[in-house]
Visitor: 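Sharing a structure below in structure tokens format, with a few things to ask.
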Amino acid sequence: DMLERQVLRARNGLSYLAGGKRPATAQTPKDLVWKRDGARLWRYRSDQRRYRPPVLIVHSLVSKSYVLDLLPNTSLVRYLVGEGFDVFLLDWMPPEPADAENTLETYADGYIPAAIDAVLDEAAGREVTLAGYCFGGILTLLAAAGHTELPIRNMMVMATPCDYREMGFMSNMFADGRLDPDDVIDETGLVPARALDEGFQALKPTDAVAQQVNFLESLWNDEFVEGFLAINQWARDQVPFPGAAFRQTVHLLIRQNALLDGVIPLGRRTVRLKDIRCPFLNAFAEQDGITPAASSEPLTQLVGSGDATELRLHSGHIGFVAGRQAAKVARPQIADWIRRRSDEA
């Protein structure tokens, strides 16, 4: 047995060092049901949809959405589909120069309300459960607060920043007087993926040294290796960020810390988190190096919901989608929270 493990470890180690194959991510079958500019709405196939309303997950702008459907055994999306939910995903093509002028309003007042309409058409429904992941959570908060008429039955955010003083390196760099947004916006009007990748790596989504040790010890375990490679690949797979939305992020969210005030100047108006009154779940992770728990925590009290719940994971950022905490805690509790606020179809 020891020998067999060493042989496996050597084989996996060599294929890893040789740059092996990229893990096949995002394998859950889905159909593109609506598109506008770079916004894409997917519906996951299922012959066992048991609950309404449909669940619309809005992905972040700063990473690739396959983190939500990482591998067949570590996929939030696949799990929710298997639990009988009708799951939709709104994600974004990597922005091009034509998207440089996209503001936070482009998403919160434009794409997200339009995608909700498309979900209702597609699912013949009257309302949605809206879920936002990471920066996607900010966009859903702004959409829901700014459009109280939207038919949102329930709302959930996962690893979503609120108090930007707690956001560490990325925020400190842009706090007054250090870097300005235009220092990182290139001639195309976008923040290049490279700049985000360097900031992201500085946050150490996975602590490099401990990571290498664990990796070497676990090289005999095919499933671990595949998960590790998939996460590493995702953490390096950054996308550019629209310059106009980035300027707002720096001025409003970082420097004014407007989300923590609960009052956010958006376009020509002001939106208030207190105007969100539907059942609300704030899910975050204690060891999250990307969105620290202290940044997410205040949201539960800032919304106006009578039914506002906190789900605190004892894991890192990836604990929502991969690893033991995801399988044992995050996925079942998220599904349970939604189920109790849904109807049997």
Visitor: Can you confirm whether Arg340 is buried at CZ, in the sense that more than 12 heavy atoms of other residues, nucleotides or ligands lie under 6.0 Å from that atom?
Guide: yes

Visitor: Tell me whether Thr140 contacts the main-chain N or O of Gly137 through its side chain, where contact means a donor paired with an acceptor under 3.5 Å.
Guide: yes

Visitor: Nearest 0.5 angstrom please: Glu310 CD to Thr300 OG1, how far?
Guide: 5.0 Å

Visitor: Determine, step by step, whether Thr291 and Met167 satisfy the side-chain contact (heavy atoms from CB on, under 4.5 Å) criterion, reporting the C-alpha distance in whole Å, the side-chain angles of both residues, the deciding distance to 0.1 Å, and the verdict.
Guide: CA-CA 6 Å; Thr291 308; Met167 284 294 284; 4.2 Å; yes

Visitor: Counting neighbours of CZ on Arg36 that are heavy atoms of other residues, nucleotides or ligands and sit closer than 6.0 Å, is the number greater than 12?
Guide: no

Visitor: Check whether Leu80 and Tyr44 end up in the same hydrophobic cluster, where Ile, Leu, Val, Met, Phe, Trp and Tyr are linked by side-chain heavy atoms less than 4.5 Å apart.
Guide: yes

Visitor: Given side chains that start at C-beta, do those of Gln256 and Asp261 come closer than 4.5 Å, heavy atoms only?
Guide: no

Visitor: Counting only heavy atoms not in Lys274, do more than 12 fall under 6.0 Å of its NZ?
Guide: yes

Visitor: Between Arg269 and Asp109, is any pair of side-chain heavy atoms under 4.5 Å apart?
Guide: yes

Visitor: For Ala143 and Ile112, which heavy atoms make the closest approach, and how far apart are they?
Guide: CB-CG2, 3.8 Å

Visitor: What residue among Val119, Asp117, Leu120 forms side-chain contact (heavy atoms from CB on, under 4.5 Å) with Pro151?
Guide: Leu120

Visitor: What pair of heavy atoms forms the shortest contact from Ala115 to Leu90, and how long is it?
Guide: CB-CD2, 3.8 Å

Visitor: If hydrophobic clusters are built from ILVMFWY residues whose side chains come within less than 4.5 Å, do Leu281 and Leu76 share one?
Guide: yes

Visitor: Using 4.0 Å as the upper bound for N to carboxylate O, is an ion pair formed by Arg52 and Asp86?
Guide: no

Visitor: Within the structure provided, determine whether Tyr111 and Val58 are in side-chain contact (heavy-atom separation under 4.5 Å).
Guide: no

Visitor: Does Thr129 reach the side chain of Arg341, with side-chain heavy atoms less than 4.5 Å apart?
Guide: no

Visitor: Tell me if the CD atom of Glu286 is crowded by more than 12 foreign heavy atoms within 6.0 Å.
Guide: yes

Visitor: If you compare all heavy atoms of Cys162 against all heavy atoms of Pro298, which two are closest, and at what distance to 0.1 Å?
Guide: SG-CB, 4.3 Å

Visitor: Check Leu150 against Pro113 and note the closest heavy-atom contact, atom names and distance.
Guide: CD2-CB, 3.9 Å

Visitor: Quick one: closest heavy-atom pair of Ser46 and Gln48, and the distance?
Guide: OG-N, 3.0 Å

Visitor: Is the shortest side-chain N to carboxylate O distance from Arg255 to Asp180 below 4.0 Å?
Guide: yes

Visitor: Do the side chains of Leu253 and Phe174 get nearer than 4.5 Å, heavy atoms only?
Guide: no

Visitor: Please examine the side chains of Leu299 and Leu141, heavy atoms only from C-beta on, and report whether any two atoms are closer than 4.5 Å.
Guide: yes

Visitor: Can you see which heavy atom on Asp237 is nearest to which on Lys64, and at what distance?
Guide: OD1-NZ, 3.0 Å

Visitor: Taking NZ, NE, NH1 and NH2 as the nitrogens, is one of them in Lys30 or Asp69 under 4.0 Å from a carboxylate oxygen of the other?
Guide: no

Visitor: For residues Val239 and Phe246: do they belong to one hydrophobic cluster (side chain heavy atoms under 4.5 Å, members Ile, Leu, Val, Met, Phe, Trp, Tyr)?
Guide: no

Visitor: Distance from Leu68 atom CG to Ser63 atom OG, nearest 0.5 Å?
Guide: 7.5 Å

Visitor: Could you tell me whether the side chain of Tyr66 reaches within less than 4.5 Å of the side chain of Leu70, counting heavy atoms only?
Guide: yes

Visitor: Quickly, which of Trp92, Phe241, Tyr164 forms a ring pair (Phe, Tyr, Trp, His ring centres under 6.0 Å) with Phe135? Name it, please.
Guide: Phe241

Visitor: If you measure from CG on Leu71 to CZ on Arg78, what distance do you get to the nearest 0.5 Å?
Guide: 9.5 Å

Visitor: If you round to the nearest 0.5 Å, how far is CG of Asp31 from CZ of Phe88?
Guide: 10.0 Å

Visitor: Nearest 0.5 angstrom please: Leu313 CG to Met158 CE, how far?
Guide: 10.5 Å

Visitor: Any non-hydrogen side-chain atom of Thr106 less than 4.5 Å from a side-chain atom of Asp99?
Guide: no

Visitor: Hey, any chance Leu139 and Leu252 share a hydrophobic cluster, counting ILVMFWY side chains that come within less than 4.5 Å of each other, even indirectly?
Guide: yes

Visitor: Using the rule that two of Ile, Leu, Val, Met, Phe, Trp, Tyr join whenever any of their side-chain heavy atoms come within less than 4.5 Å, decide whether Val263 and Ile276 are in one cluster.
Guide: no

Visitor: Are Arg153 and Asp343 ion-paired here, with the side-chain N under 4.0 Å from a carboxylate O?
Guide: yes

